[in-house]
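Below: the structure, in structure tokens.
Read the numbers this way: they start at 1 and go in the same order the structure lists the ligands and their atoms. These numbers come from a predicted model, not from an experiment.
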Amino acid sequence: MKIDILTLFPESFAPFRESIISRAQKAGTIEINFINIRDFSNDKHKKCDDAPFGGGAGMLMSVQPVYDAVKSVLTEKSKVIFPTPAGKIYNSEKARELASEQHLIFICGHYEGIDERLIQLFNAEELTIGDYVLTGGEIPTMVIVDSLLRFVPGVLKQESLSEESFTNGLLEYPQYTRPQVFNGLAVPNVLLSGNHAEIYKWREQASKQKTIRNRPDLLKGDENDEN
Ligand code: SAM
């Protein structure tokens, strides 16, 4: 998979030079390029913002540099993503869906965002990572790219994905490591038993309890199925 990230701040993607994502790039499983939108500005001062029609607080990203930056990498196989608080909710299901694309282009917004016509012209999918507003699109892009890459074959061992939170519509069960007793709290006995069937049953139950406690909204579909 190839990912082109269009941003005014390419240097903010330092986390992608570490760990799993860095290894996947070195192994050639994925290719990630950073394109500086400012390099495409025709303005003599490389300006990349402009006032919104109709007035209001703040500036918008200028149309021309964003348009030309997208055009520089766009092919008929590209899917363009614009992370925005005004988008549809991004989740694990969407991550899996995007992981099957061949080429993703991310536009990192700044200021008040981008001109609506860019979204139309590139048929960009608008996605939000949650109901809050961040100062720029770099962090949301990192969140989306990091999470979708986990589903790209070869990036992670498949076993690592099978019991993760959201895989079966539930949160992951509680996990423990050494020591067996820590600050007076003991690891549940069943996990020390070596009985895999019992461990499986305990984890299934604990997973449901955690979901009820922390994310009852995930179980709403199940209730409806029973009705
Ligand atoms: N005026 C925009 C609004 O009210 O919807 C907010 C603009 S925000 C200050 C600047 C940029 O940060 C956005 O264009 C977007 O790229 C990014 N951004 C901020 N919050 C986000 C979120 N929750 N999800 C995805 N992207 C976000």
Side-chain angles (χ1 to χ4, degrees), residues 1-16 21 30 32-43 45-74 78-101 103-152 165-166 214-215 217-218:
M1 164 184 268
K2 183 177 169 191
I3 299 180
D4 286 310
I5 298 175
L6 316 187
T7 168
L8 290 171
F9 301 99
E11 65 284 2
S12 54
F13 286 85
F16 282 3
I21 304 223
I30 54 170
I32 306 182
N33 305 305
F34 301 100
I35 288 113
N36 193 334
I37 295 169
R38 204 172 293 283
D39 291 343
F40 290 82
S41 175
N42 289 339
D43 179 82
H45 302 297
K46 296 282 171 199
K47 198 165 122 29
C48 284
D49 61 345
D50 217 333
F53 282 119
M59 301 289 273
L60 278 186
M61 291 178 82
S62 316
V63 178
Q64 175 272 315
V66 177
Y67 179 80
D68 286 349
V70 176
K71 287 293 265 184
S72 75
V73 288
L74 191 75
S78 312
K79 178 170 179 63
V80 180
I81 308 285
F82 177 52
T84 165
K88 292 187 183 151
I89 290 277
Y90 176 74
N91 58 20
S92 195
E93 200 182 325
K94 180 53 80 174
R96 272 184 197 277
E97 188 190 310
L98 294 181
S100 62
E101 295 285 341
H103 181 211
L104 294 174
I105 299 172
F106 284 83
I107 305 173
C108 299
H110 257 275
Y111 320 118
E112 291 306 318
I114 61 174
D115 188 299
E116 191 69 20
R117 291 164 297 182
L118 289 165
I119 295 165
Q120 283 172 255
L121 285 168
F122 296 120
N123 194 22
E125 181 157 11
E126 299 166 277
L127 294 173
T128 179
I129 61 162
D131 292 348
Y132 39 77
V133 178
L134 297 160
T135 53
E138 283 72 21
I139 291 173
T141 295
M142 272 188 258
V143 168
I144 297 172
V145 171
D146 185 295
S147 52
L148 76 87
L149 285 179
R150 305 177 86 250
F151 294 116
V152 171
S165 292
F166 311 114
N214 290 344
R215 291 292 306 276
D217 56 300
L218 294 177

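Legend: residues meeting ring-ring contact (aromatic ring centres under 6.0 Å, His included) with Phe122, ordered by chain and number and at least two apart, are Tyr67. Taking the ring-ring contact (aromatic ring centres under 6.0 Å, His included) definition, one finds that Phe9 meets it with His110, sequence neighbours left out. Every residue two or more places apart in sequence or in another chain that forms a ring-ring contact (aromatic ring centres under 6.0 Å, His included) with Phe34 is listed here: Phe13.
Ala95 and Leu148 get closest at one heavy-atom pair: O-CB, 3.6 Å.
Residue-level contacts of ligand 1 at the 4.0 Å heavy-atom threshold are Phe82, Pro83, Thr84, Pro85, Gly109, Tyr111, Glu112, Gly113, Leu127, Thr128, Ile129, Gly130, Tyr132, Val133, Leu134, Thr135, Gly136, Gly137, Pro140.
No donor-acceptor distance shorter than 3.5 angstrom exists from the side chain of Thr128 to the backbone of Gly87, with no hydrogens or angles considered.
Residues Glu93 and Arg96 are not paired through a salt bridge, judged by the lack of any N-O separation under 4.0 Å between the basic side chain and the carboxylate.
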